[in-house]
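Structure first, then comments.
One is the number of the first residue; the rest follow in order along the sequence. These numbers come from the heavy atoms of this one structure, side chains and all, not from hydrogens, waters or symmetry mates.
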Amino acid sequence: MASVDGGRRAVLRAAAAGAVGAGLGATGVAVPAVADRRQSERAKGPRIVILLYDGLTALDAVGPYEVLCRVPDAEVVTVAKRAGELRTDTGVLGLVADRALHQVRHADVLLVPGAGNRGVIAAMGDAEIVDWVRRMHRRTTWTASVCTGTLILGAAGLLRGVPATTYWASRSYLEATFGAVITPGRFVESGKIITAAGVSAGIDMALHLAAKLAGDRVAQALQLAVEYDPDPPFDTGSPEKAGPELRQLALELLEAAAR
């Protein structure tokens, strides 16, 4: 049995390597160049910095990461007030920050994920986080947020009069508190600021960013690489499609899962 299983694994590895090699060759991205890059001293590509903080929503960070970490030559850095593990909003899953805020002073792309009430309120009220976001934004090529991460951009004073979106239940707060111009869409680009709507919209935004960084063809290949082809069983993924009872239940479920 062991020899049979080993043979199957070898076949799958060979098939996968052939398929990936053929696919990348078709896009004009040479597979050997990837290995060469890792061993060479060529200039790095875009530096993508993902902010982590206690209570963040996992997919807000991980969804865009799955796309952006595969942009050719990209460097991805996770950062928090202190390096180490942070717990996401449910308290079950931990994510690890590679570096502390004071160790990261530049990003080509800054990504700010959202959180539930506890996490985002704490982050918005944390002067160290907010000041760091404000300073980083001055030097970014793109500053991006997902879901209620937009509120942190607002707290940093970056959204007054700026078209933006956020999680559907936070739209009125973003507008009233930080002066953003609420604009419909899975993501909204305004200057160098790109804001994404709730949670899963971060993947859409990440593909858009990938096209900005590496071109449409690479972004299209990345969409296929992560097999992002949504076909949900229900048509209730936006507040406009769901009635008030479902909206209320959705918020209750989020609150109940938070720790």
> So L51 and L111, side-chain contact (heavy atoms from CB on, under 4.5 Å) or not? Walk me through it.
Replying inline: CA-CA 6 Å; L51 174 67; L111 177 68; over 6 Å; no

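- Donor-acceptor pairing under 3.5 Å is lacking for the side chains of R186 and T165.
- Chaining together hydrophobic side chains whose heavy atoms lie under 4.5 Å apart leaves V181 on its own.
- Within the 3.5 Å criterion, the main-chain N or O of C147 finds a donor-acceptor partner in the side chain of T150.
- Panel note: side chain T88, backbone L93; a donor-acceptor pair is recorded below 3.5 Å.
- Salt-bridge formation is not detected for the pair E245/R247: no Lys NZ or Arg NE/NH1/NH2 atom is positioned less than 4.0 Å from an Asp or Glu carboxylate oxygen.
- Sorted by first and then second residue, the salt bridge (Lys or Arg N to Asp or Glu O under 4.0 Å) pairs with a member in residues 149-178 read R171-E240; sequence neighbours excluded.
- Closest of all the heavy-atom pairs between V71 and P46 is CG1-CG, 4.4 Å.
- You'll find the side chain of V67 reaches within 4.5 Å of the side chain of I203, heavy atoms only.
- Evaluation of the side chain to side chain donor-acceptor pair (under 3.5 Å) rule for N117 yields no partner, not counting sequence neighbours.
- Among pairs with a residue in residues 101-123, those fulfilling salt bridge (Lys or Arg N to Asp or Glu O under 4.0 Å) read D54-R118, at least two apart in sequence or across chains.
- Remark: side-chain polar atoms of D60 are paired, donor with acceptor, to backbone N or O of G114 under 3.5 angstrom.
- Considering every non-hydrogen atom in both G198 and Y167, the closest pair reads CA-CD1, 3.8 Å.
- The shortest heavy-atom contact between A74 and I48 is CB-CD1, 3.9 Å.
- Residue pairs that meet the side-chain hydrogen bond (donor to acceptor under 3.5 Å, both in side chains) test with at least one member in residues 131-144, sequence neighbours left out, are D131-R134, H137-T143, T140-T143, T140-K192.
- Residues that satisfy the side-chain contact (heavy atoms from CB on, under 4.5 Å) test with V77, not counting sequence neighbours, are R47, V49, E75, R99, V104.
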>> One pair to check against side-chain contact (heavy atoms from CB on, under 4.5 Å): I193 and L158. What are the steps and the verdict?
In response: CA-CA 9 Å; I193 294 177; L158 307 182; 4.2 Å; yes

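- Listed for the T78 side chain is a donor-acceptor partner under 3.5 Å among the backbone atoms of D98.
- Residue pairs satisfying the salt bridge (Lys or Arg N to Asp or Glu O under 4.0 Å) criterion with at least one member in residues 225-236, sequence neighbours excluded, are listed as follows: D235-K241.
- Within the structure, every pair that satisfies the ring-ring contact (aromatic ring centres under 6.0 Å, His included) test and touches residues 185-228, not counting sequence neighbours, is listed here: F187-H208.
- Between the side chain of S170 and the backbone N or O of T166 there is no donor-acceptor pair closer than 3.5 Å.
- Members clustered with V199: L59, by chain and number, using a 4.5 Å side-chain heavy-atom cutoff among hydrophobic residues.
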>> Set out, in order, the CA-CA distance, both residues' side-chain angles and the distance that settles side-chain contact (heavy atoms from CB on, under 4.5 Å) for L95 and V62, then state yes or no.
In response: CA-CA 9 Å; L95 298 178; V62 175; 4.1 Å; yes

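- Every residue two or more places apart in sequence or in another chain that forms a side-chain contact (heavy atoms from CB on, under 4.5 Å) with E128 is listed here: K81, L101, D126.
- Partners of A100 by side-chain contact (heavy atoms from CB on, under 4.5 Å), not counting sequence neighbours, listed by chain and number: H102, Q103.
- Applying the side-chain contact (heavy atoms from CB on, under 4.5 Å) rule to V162 yields the partners L159, S190; only residues at least two apart in sequence or on another chain are considered.
- Hydrophobic clustering, with ILVMFWY side chains joined whenever heavy atoms are under 4.5 angstrom apart, groups V146 together with V226.
- Between A80 and L52 the shortest heavy-atom distance is CB-O, 3.3 Å.
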> Given V133 and L153, is the side-chain contact (heavy atoms from CB on, under 4.5 Å) satisfied, shown in steps?
Replying inline: CA-CA 7 Å; V133 168; L153 298 188; 3.9 Å; yes

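- Nearest heavy-atom pair, G119 versus Y53, reported as atom, atom and distance to 0.1 Å: O-CE1, 3.6 Å.
- Nearest heavy-atom pair, A206 versus P64, reported as atom, atom and distance to 0.1 Å: CB-CA, 3.6 Å.
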